[in-house]
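Have a look at the structure below, then the notes.
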Amino acid sequence: MPISIELIGQVAGALGVAFLIAFMLTPVVKNLAVKMGAVDVPKDNRRMHKRPMPLMGGLAIFLGFLLSTLIFVPLNEQYRGMLLGAVVILVLGVFDDIYALGAKFKLVVQIIAALIAVMTDNVIEALSNPNIFSSDPYWILGWLSVPVTVVWIVGMTNAVNLIDGLDGLACGVTSISALTLLVVALLMGEPAVALLVAALAGGCLGFLPYNMNPAKIFMGDTGSTFLGYVLAVISIQGLFKMYALISFVVPFLIFGLPIFDTCFAFTRRIAHGQSPMHADRSHVHHRLIDMGFSQKQAVAVLYVITAILGLSAVVLTTSGAMKAMLLLFAFCAAGAVALSLFQSAHHTAKEEPKEREEKEGLK
């Protein structure tokens, strides 16, 4: 289906409706969270906030996404299964924000939600072969399609949750990823996917003003796990169904930051003899804070990285692998130089007061 004015209007409508609903309902959800006891009290150095903060903000995102989807998206069996699984994840997140549930129990429920999606034909049936020199361009998964799909959905559900450590980080990164997926869906002629991610992006953008530093409310597990789940299931329809090189690379570019952070965290914990689910203060955003960045600077850096990966995914979709890889390399090189210069300037700024104090002391 080619991009038409009508489709663009529907996409704008889906985004706008979700934005308005989430924006208007967030203050209501904030008061509800306080009354229900869904409040995060800072107890350790992993938490960046200094005062109790209402959770459950993801409920406003969900309601914006749900109502916009019901208005604009023709629901087939696959999308109904996605919504049912999303409701399961949302309810789990609400209870977790109130009662702090155990990791094993949450994992079991997440697997059940993933199986709901799988049973309604949200399945990764094939992957493109990353070995471009192979005579077999595709991997037909066969019986492996179910476990691979479940791992993908559960992994993405937790990946977005793990990066939710700074004000506005997970919500903003999800917004950028959803908008990237929106562009890819429009370019590849997937109108239903475009409308779904437009509704998701709208819900996130409507909540974001309340979540930016200094945050007034957190989306909690109610929001982060819901966003990860929906992105994972939508990507099955909008990315993995494309039998081409991009069906393997594009999802890992669009969701590159949460995927990298999750893999890095799990590898680090296992290497130290800890459970992969053991919480610590060594995520990418924590490391940026420890390097001297403020919360706003660290979030901005991670937004830029996500946008670079997303732009590379769009270029890959439209212009081929070589141009996309060159673009990604150029952006990474420029980003590394900018980060180095910023750190040098920041270090100099910190050292100057110390040197001044030492000179005054000698006098």
Side-chain angles (χ1 to χ4, degrees), residues 29 32-49 52-62 82-119 146-166 169-171 174 211 215 217-233 258-259 261-286:
V29 171
L32 178 64
V34 173
K35 291 180 181 178
M36 296 180 67
V39 178
D40 187 42
V41 179
K43 300 176 182 178
D44 51 51
N45 65 350
R46 289 191 303 109
R47 291 166 169 81
M48 297 291 104
H49 57 290
M53 188 68 63
L55 298 170
M56 248 168 55
L59 185 58
I61 301 175
F62 169 77
M82 178 197 70
L83 291 177
L84 178 58
V87 169
V88 172
I89 291 293
L90 183 88
V91 173
L92 174 67
V94 169
F95 277 93
D96 190 36
D97 285 341
I98 298 173
Y99 300 109
L101 304 175
K104 292 181 179 179
F105 175 77
K106 290 190 290 185
L107 180 61
V108 170
V109 178
Q110 289 171 1
I111 292 173
I112 292 171
L115 288 172
I116 291 174
V118 168
M119 289 188 294
V146 171
V148 167
T149 304
V150 170
V151 168
W152 171 252
I153 295 175
V154 173
M156 278 297 300
T157 299
N158 288 284
V160 176
N161 184 35
L162 286 175
I163 65 168
D164 187 23
L166 298 179
L169 178 56
C171 188
T174 301
N211 191 228
I217 181 174
F218 292 160
M219 62 181 175
D221 279 19
T222 303
S224 59
T225 53
F226 159 73
L227 292 177
Y229 178 89
V230 172
L231 279 176
V233 179
I259 290 173
D261 188 53
T262 301
C263 293
F264 181 69
F266 280 19
T267 302
R268 180 184 64 251
R269 292 166 186 173
I270 293 171
H272 286 83
Q274 300 172 331
S275 166
M277 307 304 292
H278 174 76
D280 58 25
R281 196 182 182 281
S282 298
H283 292 284
V284 172
H285 51 273
H286 289 134

task = Considering non-hydrogen atoms only, spot the tightest contact between P54 and A33 and give its length.
result = CB-CB, 4.2 Å
request  = Calculate, to the nearest 0.5 Å, the distance between atoms CG and NZ belonging to D96 and K106 respectively.
outcome  = 3.5 Å
request  = For C171 and N211, work out which heavy atoms get closest and say how close.
outcome  = CB-OD1, 3.9 Å
Rounded distance (nearest 0.5 Å) linking atom CD1 of I163 with atom OG1 of T262 = 8.0 Å
request  = Taking the side chain as every heavy atom from C-beta outward, state whether V118 and V150 have any atom pair closer than 4.5 Å.
outcome  = yes
inquiry  = Quick check against the 3.5 Å criterion: does D164 have a side-chain atom that pairs as donor or acceptor with the backbone of V160?
reply    = no
query = For D97 and M56, which heavy atoms make the closest approach, and how far apart are they?
reply = OD2-N, 3.5 Å
ask   = In Å and rounded to the nearest 0.5 Å, what is the CG to CG distance from L101 to D221?
value = 9.0 Å
remark   = In terms of heavy-atom contacts, G57 and V29 come closest through CA-CG1, 4.1 Å
ask   = How long is the gap from CD1 on I89 to CG on L227, to the nearest 0.5 Å?
value = 11.5 Å
key: OG1-CG distance between T222 and N161, expressed to the nearest 0.5 angstrom   = 10.0 Å
inquiry  = If I compare all heavy atoms of M219 with all of A170, which pair ends up nearest, and what's the gap?
reply    = CE-CB, 3.3 Å
remark   = Heavy-atom nearest pair, A117 first then Y229, reads CB-OH, 3.5 Å
task = Report the C-alpha separation of M156 and I259 in whole Å, then their side-chain angles, then the decisive distance to 0.1 Å, and conclude whether the side chain to side chain contact (heavy atoms under 4.5 Å, CB included) test is met.
result = CA-CA 7 Å; M156 278 297 300; I259 290 173; 4.1 Å; yes
query = When rounded to the nearest 0.5 angstrom, what distance separates CD in Q110 from OG1 in T225?
reply = 6.5 Å
